[in-house]
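Atoms within each ligand, like the ligands themselves, are counted from 1 in listed order. From a predicted model like this one, the values you see are computed outputs, not experimental measurements. Here, residue 1 is the first one in the sequence, and each next residue gets the next number.
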Amino acid sequence: MSETTLATPAETATTGKGHASKYTRNQPYQSKVLVNRLLTGPESEKETIHVEMELEEGMNYVPGDALGVIPTYRAEAVDAVLKALGFNGTERVLDHNKVEISFREALTSRLTIGKLARGAVNQYAKLAGDNVPEGLKALLGPDNKAAAEDYVWGRELIDLVTDFPGVIKQPQDLFEVLQRLTPRMYSIASSEAAHPGQVQLTVRVVRYNTHGQERQGVTSGMLGERAQAAATLPVFLHENNNFRLPEDTNAPVIMIGPGTGIAPFRAFLEHRQTLGQKGDNWLVFGDQREVSDFLYKDQFLAMQASGLLTKLQTAFSRDQAKKIYVQDRLREASAELFAWLERGAYFYVCGDASRMAKDVELVLLDSIATGLKGTPEQAAEYLTGMKKQKRYQRDVY
Ligand SMILES: Cc1cc2nc3c(=O)[nH]c(=O)nc-3n(C[C@H](O)[C@H](O)[C@H](O)COP(=O)(O)OP(=O)(O)OC[C@H]3O[C@@H](n4cnc5c(N)ncnc54)[C@H](O)[C@@H]3O)c2cc1C
């Protein structure tokens, strides 16, 4: 889409329609970081940051969209791989587009040297030809799938080349072994109407220790450590038409967003606030501890005080002996939840796909069944109806 066909921010704000910009994952925009601050307190077991970045005129988004961030590995991680392989990084290789680049560049921005895939182990073994080390043989073939899964868990390329050295003879060989390094998506946490020319993110910095090594996620680690104010990062806007505020600005919305799942709902609320939209807003946020993990606490409490947030529920799992999660808060408000649905409320879930989203759906179904005084089948039918009307939307990862 050419720049001239893009709507102005004011049009975006009123119509709520999303649209692409000329920047893509293959041709990203170099965005300047304006603010990078820690949201979590010192006592937190997590490290969640708020990042504000500048956008060029014509780069427009609407609440529900995401930002694609193109990652690079930190120099220490690349140096460690080069050292283990016995190369210095100035060697020349051809990237996926057959463009000649340095081996260091390939390891920094083209290949996945972090999180090891099982396929990478197989490909690595193929390169060893007739000289596959015994330990590596034990990870190959359909019979050893479980052993291979076990091996790759929490490991990276550096572990593979250290455990089974001497296989990579040419830097180019690694293109046969490793997956391409791909951009990561982050739900946009800001409303363009409230922050013209800016995009804001809520990012959990992934850090963990496995097999005696400190590790970090490539993109969130980059945002956490190498994206201070004035740094530039390659980004692109990603439209998400399956996660949108209702077109009827008076329709009530219920938003379930624990952890970084809060991000798009901050955008929803800022949008409705800035444009003076009147629909009722119910937010359920959860995390470990109120003192350290209540993301954007002051902003949400102010929204509650002003009446923008009709209902705010929080669930801090570690603040009492018995763990309380967002789905428990929702269950406590089961009758009210059904009343909101009967008023035409839209129901949104964002965040952890593994458990939370399923548990929330179960509570939703139970609340509907109770409200209807009906069967589980009738509740499921009601939910299907909501889905058809786009009144049940999820953005889980
Ligand atoms: C639509 C969408 C929206 C998203 N929005 C957000 C958002 O708003 N905020 C946000 O923070 N994230 C968001 N994410 C997730 C985000 O895209 C990344 O997946 C996340 O930041 C991790 O990427 P990374 O590059 O830092 O880590 P990677 O380098 O991809 O590493 C992550 C991998 O590390 C491994 N790992 C992590 N922890 C452990 C552990 N304890 N033990 C062993 N292995 C482990 C796992 O294999 C995991 O898959 C979103 C994802 C999608 C798809």
Side-chain angles (χ1 to χ4, degrees), residues 18 25 36 38-40 44-53 61 63-74 77-78 107-109 111-118 120 149-159 178-190 199-227 233-244 255 257-268 285 287 293 295-296 348-354 356-357 393-397:
R25 63 179 60 211
N36 186 335
L38 193 60
L39 289 173
T40 38
S44 181
E45 287 169 34
K46 301 182 183 177
E47 180 183 337
T48 305
I49 54 173
H50 173 78
V51 185
E52 298 183 2
M53 302 173 76
Y61 61 89
D65 284 344
L67 188 77
V69 178
I70 298 184
T72 50
Y73 286 99
R74 51 194 169 141
V78 172
L107 295 175
T108 303
S109 64
L111 297 168
T112 300
I113 64 170
K115 191 189 170 198
L116 194 62
R118 200 159 52 84
E149 286 296 353
D150 226 33
Y151 178 78
V152 297
W153 186 85
R155 286 196 168 85
E156 304 185 349
L157 174 69
I158 185 72
D159 302 283
L178 299 176
Q179 287 171 337
R180 199 190 269 250
L181 183 60
T182 52
R184 303 293 193 266
M185 294 298 160
Y186 294 91
S187 309
I188 294 176
S190 52
V199 67
Q200 306 184 352
L201 307 178
T202 312
V203 178
R204 160 106 194 261
V205 181
V206 174
R207 294 184 195 278
Y208 53 101
N209 185 311
T210 46
H211 310 289
Q213 296 292 323
E214 295 295 335
R215 325 259 179 181
Q216 58 176 246
V218 56
T219 322
S220 59
M222 175 181 84
L223 289 165
E225 288 180 1
R226 288 174 283 134
L233 294 177
V235 302
F236 58 94
L237 291 168
H238 179 80
E239 215 174 284
N240 182 2
N241 287 319
N242 295 321
F243 206 75
R244 289 284 182 254
M255 300 162 279
T260 55
I262 195 65
F265 302 134
R266 180 175 181 267
F268 278 20
F285 173 73
D287 215 310
D293 303 309
L295 309 179
Y296 305 110
Y348 300 88
V349 186
C350 182
D352 172 37
S354 64
M356 181 275 297
Q393 301 182 27
R394 305 201 305 178
D395 192 11
V396 293
Y397 46 86

**Student:** Anything under 30° is parallel, anything over 60° is perpendicular, the rest tilted; go ahead and classify Phe243 against Tyr348.
**Tutor:**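 Phe243 vs Tyr348 ring planes: perpendicular.
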**Student:** Residues two or more places apart in sequence or in another chain: which of them pass salt bridge (charged side-chain N to carboxylate O under 4.0 Å, His left out) with Asp293?
**Tutor:**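 Listed in chain order: nothing, the list is empty.
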**Student:** Quick one: pull up CD in Glu225 and OG in Ser220 and give me the separation to the nearest 0.5 Å.
**Tutor:**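 Answer for the CD-OG pair, Glu225 versus Ser220, is 9.5 Å.
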**Student:** Is there a donor-acceptor pair closer than 3.5 Å between any side-chain N or O of Arg244 and the backbone N or O of Pro63?
**Tutor:**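 Yes; judged by distance alone, with no hydrogens or angles, the pair exists.
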**Student:** Using modelled atom types and a 3.5 Å cut-off, is there a donor and acceptor pairing between side-chain atoms of Thr48 and backbone atoms of Arg204?
**Tutor:**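 Judged by distance alone, no pair lies under 3.5 Å.
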**Student:** Under a 4.0 Å heavy-atom cut-off, what residues line ligand 1?
**Tutor:**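 Contacting ligand 1 under 4.0 Å are Lys115, Trp153, Arg184, Met185, Tyr186, Ser187, Thr202, Val203, Arg204, Val206, Tyr208, Thr210, Gly217, Val218, Thr219, Ser220, Thr260, Ala263, Asp395, Tyr397.
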**Student:** Are Arg207 and Glu214 close enough for a salt bridge, meaning some N to O gap below 4.0 Å?
**Tutor:**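 Salt bridge absent between Arg207 and Glu214.
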